[in-house]
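I have placed the structure first, in the form of structure tokens, so that the comments after it can refer back to it.
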Amino acid sequence: MNYDQIMQLALERGFYFPSCEVYVDAQAGFWEYGPSGVSLKNKFVELWRRELVRRDRMMEIDGSQIMSQSVFVASGHLSSFADPIVTCQKCKSIFRADKLITEITSMVVPESADLSEFDKIILEKNIVCPRCKGRFDNAHKFNMMFKVDIGPESESAYLRPETCQSIFVDFPRLYKTMRGKLPIGIAQIGKSFRNEISPRQSLLRLREFYQAEIEVFCNPNKLDNLEKFSEVENTELRIMVGENIKTMTCKQSLDSGVLPNKLVTYYLGLLTEFYQKTGIDVTKSRLRKLGDKEKAFYASVAFDFEVETSTGWLELVACNYRSDYDLKSHANVSKEKFEVLDDDVKVLPHVFELSMGIDRSLYTILEHSFQDDKKNDRIVLSLKPYLAPVQVGILSLVKKDGLAEKAEEIFLNLRTKYDTFLDHSGAIGRRYRRLDEVGAPFAVTVDHQTLQDGTVTVRERDSMNQERIKISDLDLYLARETSYP
RNA sequence: GCGGAGUUAGUCCAGCCCGGCACGACGUCAGCUUCCCAAGCUGAAGGUCGCGGGUUCAAAUCCCGCACUCCGCACCA
């Protein structure tokens with residue numbers, strides 16, 4: 001189960017494939033979801049809604065992907081979501097200016113320093129290209145946001161680099177009109193855009209990607225005042241303590257001081273419970289507290305939810321305590337009021353966020369579900385039935401004797417309720433194998449006995465076991481077996 | 001963006017050195033046959049040989065440029 005096998009399965013079975021692939025100028029970092037991928041993604045999103053949005057009574061919004069320049073002045077992305085870069089005139093190597101200087105002179109220059117500051121130091125210390133000893137061009141900033149021009153006057157705007165900015169900007173209205181009460185989660189699923197220098201590895205590093213973000217607005221003085229914490233107190237988390245991953249319950253993590261407060265712990269508990277239900281192998285996951293240098297510029301405390309894949313540890317969710325960084329700066333730049341009343345006290349809420357990468361999560365589900373079943377000479381995707389792109393295949397054992405017609409009749413009765421695939425052609429074993437590869441958990445087969453007693457066989461994907469059930473019971477059977485947990 | 005290796009049908013790949021109608025397998029489709037786990041037989045479809053230019057009577061093959069993919073470096077809210 002490695003990256004290449006998943007990639008091949010994805011291409012052959014319609015999970016995902018490169019965008020614009022027939023054209024020469026197709027750019028890296030853009031991928032399309034095919035039919036199987038969309039079906040998996042939709043079901044994953046539905047699970048997310050159930051386990052996080054509905055469970056915690058969050059609000060969900062759907063904001064614009066293009067946002068005006070002021071938003072990113074306030075958010076800090078215009079100045080901070082950019083790296084100071086120097087280019088070697090000779091070999092064209094590109095270096096981060098601050099890192100280069102620190103490496104060679106041990107001087108620490110803040111990333112946010114003036115560009116002229118970098119040029120000055122490079123000149124004074126006579127820093128040359130470590131590769132070819134060439135001279136550097138003047139430092140410049142590479143901003144990772146995509147800029148767009150709006151209307152005939154070409155007003156500056158940007159494709160959002162994270163979905164959460166609309167949640168922050170919309171917060172005052174949502175809180176007022178939707179009768180908000182702290183703490184309150186506001187969630188959003190949508191696309192974000194980052195102009196990565198070198199995107200690679202298909203869904204793992206994209207320039208256009210899906211995020212599911214949850215921003216929890218809370219009173220910073222009441223982070224340990226959370227009744228619903230009891231819902232998760234026995235939920236087990238896997239947390240890195242030092243070099244080791246320790247399994248401990250939410251309550252233990254909190255009591256031992258490994259996690260800072262009830263609110264953060266509660267949401268990390270919900271998150272872990274959610275991922276257990278996606279079929280990702282949580283024994284290959286960990287929560288890792290980020291060091292100061294790794295954290296995003298807006299985070300005061302940050303945990304990554306990471307999973308182990310064939311490409312190494314992969315970050316699926318960034319859990320950042322953003323304090324009042326965002327609301328305060330949006331208040332300053334917009335001159336609007338972002339404070340709210342909490343128990344008759346005016347407070348500027350703090351924010352704890354769960355910023356989930358959907359594409360990476362889907363990849364991990366595929367990889368952790370992938371089984372090379374050599375004994376039965378087949379590839380099986382052991383997806384949870386409620387996430388499977390095809391939930392049931394309807395097959396006729398042979399085409400003749402009216403079996404195909406009977407299969408079609410069953411298909412017509414089930415097709416609007418389940419993701420169903422009808423197949424008459426070829427050997428039955430071959431058809432089972434195909435269904436195994438897209439992760440269809442059940443295959444219903446119409447045989448000669450069906451015509452006599454109205455029963456069909458239902459084959460279970462992972463065990464390959466079959467049982468006979470009445471056609472009239474199929475709907476109930478599938479409803480039970482494919483329902484969300 | 002740098003260095004290395006690559007790019008030929010949906011997939012894996014041969015052919016390239018030494019220029020002459022692009023090979024095979026898997027998969028797909030249709031039919032026959034068996035009728036519950038990728039069997040067999042018959043037939044078919046599927047290719048701008050990554051893109052552009054050059055050399056040549058003739059380029060998948062030789063030369064130049066570019067793009068993309070993978071690995072390493074760097075980058076990674």
Side-chain angles (χ1 to χ4, degrees), chain A residues 3-5 7-14 17-18 20-30 34 72 75-77 80-88 90-96 99-100 103 129-132 134 142-145 160-165 192-202 204-207 209 211 213 290 294-299 302 304 311 315 318 320 322 353 355 357 373 375-379 395-401 403 425-437 443 445-449 456-459 461 464-466 468:
Chain A
Y3 176 82
D4 292 329
Q5 285 176 292
M7 194 64 233
Q8 183 168 337
L9 183 73
L11 290 170
E12 286 184 10
R13 295 292 169 205
F17 48 87
C20 313
E21 63 179 334
V22 300
Y23 284 104
V24 205
D25 59 351
Q27 294 286 313
F30 299 93
F72 302 109
S75 73
H77 284 87
S80 300
F81 196 57
D83 296 329
I85 276 175
V86 286
T87 308
C88 171
K90 198 166 142 202
C91 74
K92 303 294 173 199
S93 293
I94 291 181
F95 297 90
R96 277 268 304 254
K99 293 201 170 180
L100 183 75
E103 208 173 283
C129 175
R131 286 236 171 91
C132 74
F142 174 67
N143 193 293
M144 307 234 302
M145 286 195 293
R160 59 186 181 187
E162 49 179 7
T163 55
C164 59
Q165 289 306 323
S192 292
F193 305 82
R194 294 178 191 179
N195 203 353
E196 298 284 351
I197 296 170
S198 118
R200 249 172 221 192
Q201 292 181 309
S202 61
L204 303 189
R205 192 122 166 264
L206 296 161
R207 286 184 167 131
F209 58 102
Q211 287 188 304
E213 292 199 297
L290 300 188
E294 289 181 285
K295 284 185 310 195
F297 61 88
Y298 45 68
D304 275 356
T311 63
E315 172 192 343
N320 297 305
R322 300 175 72 126
E353 80 169 352
S355 174
D373 180 0
K375 195 174 126 217
N376 294 299
D377 192 20
R378 59 176 191 158
I379 300 292
L395 316 176
S396 49
L397 187 59
V398 292
K399 245 186 259 187
K400 55 187 183 185
D401 303 333
L403 298 188
S425 71
I428 190 76
R430 181 187 301 275
R431 283 177 277 163
Y432 287 144
R433 295 298 182 281
R434 264 197 297 251
L435 288 168
D436 290 339
E437 282 191 18
T445 303
V446 171
D447 58 16
H448 289 95
Q449 190 180 332
V456 290
T457 63
V458 177
R459 171 189 184 265
R461 174 195 63 205
M464 297 171 74
N465 288 339
Q466 288 180 295
R468 285 206 88 83

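Reckoned from all heavy atoms, side chains included, excluding hydrogens, waters and symmetry mates. Here is how names work: the chains are called A, B, and so on, in the same order as the sequence lines, proteins then strands, and each is numbered from 1.
Close to U28(B), at under 4.0 Å from its OP1 or OP2, lies a side-chain N or O of Arg434(A). At the phosphate of C36(B), neither OP1 nor OP2 sits under 4.0 Å from any side-chain N or O atom of Arg431(A). Dashed line: the shortest gap from a side-chain N or O of Lys400(A) to OP1 or OP2 of U34(B) is under 4.0 Å. Side-chain N/O atoms of Arg459(A) include none lying less than 4.0 angstrom from OP1 or OP2 on C37(B). A sub-4.0 Å separation between OP1 or OP2 of G27(B) and a side-chain N or O of Arg13(A) is absent.
Listed nucleotides C36(B), A39(B), C29(B) differ in distance to Thr457(A); the shortest reach to its side chain belongs to C36(B). Of the candidate nucleotides G31(B), U34(B), A30(B), A30(B) has the atom nearest to the side chain of Ser425(A). Side-chain proximity of Lys399(A) to C35(B), G31(B), C36(B): nearest is G31(B). If you check A39(B), C37(B), C12(B) against the side chain of Gln8(A), the one that comes closest is C12(B). When each of C70(B), A39(B), A38(B) is scored by its nearest atom to the side-chain atoms of Tyr3(A), the top-ranked nucleotide is C70(B).
Going from atom CG of Leu395(A) over to atom C1' of A38(B) covers 14 Å, rounded to whole Å. Following rounding to the nearest Å, Phe30(A) (CZ) and C68(B) (P) show an atom-to-atom distance of 11 Å. To the nearest angstrom, C1' of A74(B) lies 10 Å from CZ of Arg205(A). At whole-Å resolution of the value, CG in Leu435(A) and P in C36(B) are 18 Å apart. With rounding to whole Å, Ile428(A) atom CD1 is found 16 Å from U33(B) atom C1'. As a whole-Å value, the separation of Gln466(A) CD from C37(B) P is 8 Å. Atom CG in Asp377(A) sits about 19 Å away from atom P in C36(B), given to the nearest Å. Rounded to an integer number of Å, the gap from CZ of Arg430(A) to P of C41(B) is 12 Å.
Residue Asp447(A) holds its CG atom at 6.0 Å from OG1 of Thr457(A), rounded to the nearest 0.5 Å.
Here, A14(B) and A9(B) have their P atoms 12 Å apart, quoted to the whole Å. Comparing U55(B) with G3(B), their C1' atoms sit 30 Å apart, to the nearest whole Å. Look at the C1' atom in both C57(B) and G19(B): the space between them is 12 Å, to the nearest Å. Nucleotides C71(B) and G24(B) are separated by 29 Å at their C1' atoms, to the nearest Å. Between U42(B) and U61(B), the distance separating the two C1' atoms is 36 Å to the nearest Å. For the C1' atoms, the distance from G15(B) to A60(B) is 8 Å, rounded to whole Å. Taking atom C1' on both nucleotides, G10(B) is separated from A5(B) by 25 Å, rounded to a whole Å. Comparing the same atom, C1', in G52(B) and in C26(B) gives a spacing of 33 Å after rounding to whole Å.
Taking the side chain as every heavy atom from C-beta outward, Arg459(A) and Thr445(A) never approach each other to under 4.5 Å. Between Met144(A) and His77(A), the closest side-chain pair of non-hydrogen atoms is not below 4.5 Å. Residues Tyr432(A) and Met464(A) have side chains not in contact (no heavy-atom distance under 4.5 Å, counting atoms from C-beta outward).
Among the heavy atoms of the strands lying under 4.0 Å from Glu437(A) is at least one base atom, whether or not backbone atoms are also near.
One N or O on the side chain of Arg431(A) and one on the backbone of Ser396(A) form a donor-acceptor pair closer than 3.5 Å.
Looking at Glu162(A) and Arg322(A), a side-chain N of the basic residue comes within less than 4.0 Å of a carboxylate O on the acidic one, giving a salt bridge. In summary, Arg461(A) and Asp373(A) do not engage in a salt bridge, as defined by a charged side-chain N under 4.0 Å from a carboxylate O.
Each of Glu12(A) and Asn376(A) was assigned the nucleotide of RNA chain B with the nearest heavy atom; the assignment lying further toward the 5' end belongs to Glu12(A). Ranked by how close their nearest RNA chain B nucleotide is to the 5' end, Leu397(A) and Gln211(A) are led by Leu397(A).
Secondary-structure annotation of RNA chain B gives the stems B:1-7 with B:67-73, B:10-12 with B:24-26, B:28-32 with B:40-44, B:50-54 with B:62-66, with a stem taken as at least 3 successive Watson-Crick or G-U pairs whose two distances both fall under 3.5 Å.
Heavy-atom minimum distance, Phe193(A) versus Phe209(A): N-CE2, 4.2 Å.
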Trace of the side chain to side chain contact (heavy atoms under 4.5 Å, CB included) decision for Asn376(A) with Asp436(A): CA-CA 11 Å; Asn376(A) 294 299; Asp436(A) 290 339; over 6 Å; no
